[in-house]
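Worksheet: one structure, shown below.
Side-chain atoms are counted along with the backbone in the values below, which use heavy atoms only and exclude waters and symmetry mates.
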Amino acid sequence: MNVEFAGSNLTVMYLGIIVAIVGVIVAFMYSSWVLKQSSGNKQMQEISKAVQEGAMAYLSRQYKSIAIIGIIVAIIIALAIDITTAVGFVVGAVLSAFCGYVGMFVSSRGNAKVAEAARKSLPYALTVAFRGGAVTGLMCVGLALLGVSVLFLSTGNLDALIGLGFGASLISVFARLGGGIYTKSADVGADLVGKVESDLPEDDPRNPGTIADNVGDNVGDCAGMAADLFETYVVTAIGAMLLGGLAFKGADGGYIVPYIVYPVLLGAVAIIATILGTFFVKLKEGSDAVMNALYKGMWGSAILALIGFYFVTNWLLDTTIFFLPAVIGVVVTVLIVYITDYYTSTNFRPVRSISYASQSGHATNIITGISVGMEGAVIPGFLIVGAILGSYSIGAGGFPSGEISMEGLYSISIASMAMLSMTGIVVALDAYGPITDNGGGIAEMAELPEDVREKTDALDAVGNTTKAVTKGYAIGSAGLAALVLLADYMHKLAEEGGKELVFLLGDPLVIAGLLIGAALPFLFSALAMGAVGRAAYEVVDEVRRQLREKPGIMTFKEKPDYGRCVDIVTKRALKEMIAPGIIPVAAPLIVGFLIGPVALGGMLFGVIVSGLYLAIFQTSGGGAWDNAKKYIEEGNYGGKKSEAHAAAVTGDTVGDPLKDTAGPAINPMIKVVNIVALLIVGLIV
């Protein structure tokens, strides 16, 4: 599938490269500004340095482990498929890893700077935290668009892009799993002994697990999320470009190239809108409306992107038809943000209902939390259904009637690409979270004045919601992206086999594939949750041992051995991420080669439907449990040290691996299954 560039199509590709480079440059400018800010006194710097060393040591060891797997996979791809696809795989993997590395580097250094900034004012602290997050967001979209544009322009080969998507996806799965296992085993272990057994406050320096907990915030919510949304962005762009090549052919059977490069143009416009949108995030002196300030950035980026989308669509395609699905994609993004906010914020009924239920004990907290999580999965699912039907109808020129329209499927891919074009600002909101969380931890451990901790708590409370919002966005966008990949699989199957295969629900092969696919997210989640439980047990054991053998810790006469807990969760995370990480790669190979392409197609349907709802349930429920605890800690229903608070801590502990390990990792897992299926089409037909 080779493409020749000329005229406006060549302009689009160069524009994509230039704007991507600008995005990366602005990310480095923000990084430089953040790193120049004061890190506070010597004690604050020492705590921050411990977090930095733990985070970077873990990331280095994780990347070494993944590199071994990646080299083996790259060799297999080169031998079984071709060298160009293997090169694409390596490029995708390297860019994804670099994106996570830069984000982690700034995040783990910005924490003390936020704590010090909070000494001066809340608006200044917000600016430092958000710009630190914006580094990861802009790096994510800049590197993603750069990788896609350069590889496609240099090879003109759409199939090579599939390799790029696979490389990014494989890194993402392991980054999400490893980071999630690390952060939640440290968090759960530290909380169970520190808060529940020893009555220590959050981030108390006497807790031996507190540094591991702070390190975990960075490896999970910064490096993990960066790799996750980098991969989703890349895969969505590639899926849309592939469909553009399949859907629009000239009279001679050749490609109509503008439809292939259109997603690149949307990505370029959105990066410019994101850069401008970051300037909207400002908080007036004396105001504490942090979430409103952050949402201004999102709204600014969304409106500017839509204005740009309208003009570039008319210029490149000489029609505004495909501008409408782009509008749908952006609207879905904004709605998912607000829906997730509703189900995870302390300001609304769902979270407050969990807090209220905590008064009657641990069991009612768990029951209500599960109920809220299940309810929270429904509306985003229906929203995606509306986006699919609406965008398809625009492209197909009418409501679905049984006959599949390639233009309609392309329209869905444009809605998906427009949704992912908001990745820069959304990741900025997410990466802001661990910076403020760690900033609050440093303020507590360094015993800064109470008013400083109040400011960091205000930033952190919003950070919990922004992290939940980003996960909801990532999973929702993954659902649309996976549908685009599924459409690519079906049509690539027809091209390779010379005839179009029909997937009938009455076909035993399709049903078998559906059931296998639906089971995968459950098996994947079970392994991820079990890994957290096993690692947390070791942390609990270690924290108990230190508090038992060093009684002086509780009176500040002895210092905890933080490094021991960091070492435990590092080793455990790297060991435990392998088994669940293999599932999305092995499953399509086994089904495709043993049962066949029809069963594999059914499996792709099953994994998308099951994975979408299970992931949203886990992230919404976990986020709601977390903020239900925060709501009680604000003084409601008895406040800290009450029976309701003890029940809420239990709920938060249960929700932690749901929202930060299993749920978010399902997102890249869905895409890896689909990408591997696309890669092996030529081998299984």
*Full working for side-chain contact (heavy atoms from CB on, under 4.5 Å) between Gln618 and Ser525*: CA-CA 10 Å; Gln618 292 183 114; Ser525 295; 3.5 Å; yes

*Hey, does the side chain of Asn674 reach the backbone of Ile670 with a donor-acceptor pair shorter than 3.5 angstrom?*
yes

*Does any N or O in the side chain of Ser411 come within less than 3.5 Å of the main-chain N or O of Ser391, such that one atom is a donor and the other an acceptor?*
yes

*asked:* Donor-acceptor check, side chain of Ser416 to backbone of Ile412, threshold 3.5 angstrom: yes or no?
replied: no

*Residue pair Leu229 / Tyr233, side-chain heavy-atom distance below 4.5 Å*: no

*asked:* Looking at every heavy atom in both Gly581 and Leu177, which two are closest together, and how far apart are they?
replied: N-CD1, 3.5 Å

*Quick one: closest heavy-atom pair of Gly376 and Pro380, and the distance?*
O-CD, 3.1 Å

*Any chance you could lay out the side-chain contact (heavy atoms from CB on, under 4.5 Å) test for Val87 and Val90, step after step, and finish with the verdict?*
CA-CA 5 Å; Val87 169; Val90 172; 5.8 Å; no

*Nearest heavy atoms of Phe309 and Ser421, plus distance in Å*: CZ-OG, 3.5 Å

*Return yes if some donor-acceptor pair links the side-chain N/O of Ser620 with the main-chain N/O of Phe617 below 3.5 Å, else return no.*
no

*So how far is it from Ile69 CD1 to Met577 CE, rounded to the nearest 0.5 Å?*
6.0 Å

*When the ring planes of Phe166 and Phe89 are compared, do they come out parallel, tilted or perpendicular, using 30° and 60° as the limits?*
tilted

*Output the distance between atom CG (Leu265) and atom CG (Asn9), rounded to the nearest 0.5 Å.*
10.5 Å

_Whether Ser149 side chain and Leu145 backbone form a donor-acceptor pair below 3.5 Å_ = yes

*When you measure from the side chain of Gln62 to the backbone N and O of Phe174, does any donor-acceptor pair fall under 3.5 Å?*
yes

*Using a cut-off of 6.0 Å, state whether more than 12 heavy atoms not belonging to Ile321 lie near its atom CD1.*
no

*Looking at Ala240 and Val484, what are the two nearest heavy atoms and their distance?*
N-CG1, 3.9 Å

*So which heavy atom on Leu170 is nearest to which on Val672, and how close?*
N-CG2, 4.3 Å

*Side chains of Thr423 and Tyr473, donor plus acceptor under 3.5 Å*: yes

_Any donor-acceptor N/O pair, Tyr392 side chain to Ser405 backbone, under 3.5 Å_ = yes

*Heavy-atom closest contact (Leu679 atom, Gly163 atom, distance)*: CD2-N, 4.5 Å

*Would you sort out whether Val235 and Ser169 count as a side-chain contact (heavy atoms from CB on, under 4.5 Å), showing the intermediate values?*
CA-CA 8 Å; Val235 166; Ser169 297; 3.6 Å; yes

*Decide side-chain contact (heavy atoms from CB on, under 4.5 Å) for Phe230 and Val141; before the verdict, give the C-alpha distance in whole Å, the side-chain angles of both, and the deciding distance to 0.1 Å.*
CA-CA 7 Å; Phe230 173 90; Val141 291; over 6 Å; no

*Any donor-acceptor pair under 3.5 Å from Thr85 side chain to Ile81 backbone*: no

*Answer yes or no: is there a donor N or O on one side and an acceptor on the other, between the side chain of Ser610 and the main chain of Val607, under 3.5 Å?*
no

_Out of the candidates Val591, Val673, Leu514, Val609, only one should pair with Leu604 under the side chain to side chain contact (heavy atoms under 4.5 Å, CB included) rule; please name it._
Val673

*asked:* Ring centroids only, cut at 6.0 angstrom: are Phe322 and Tyr262 within range, meaning strictly under it?
replied: no

*Does some side-chain heavy atom of Ile616 sit less than 4.5 Å from a side-chain heavy atom of Leu612?*
yes

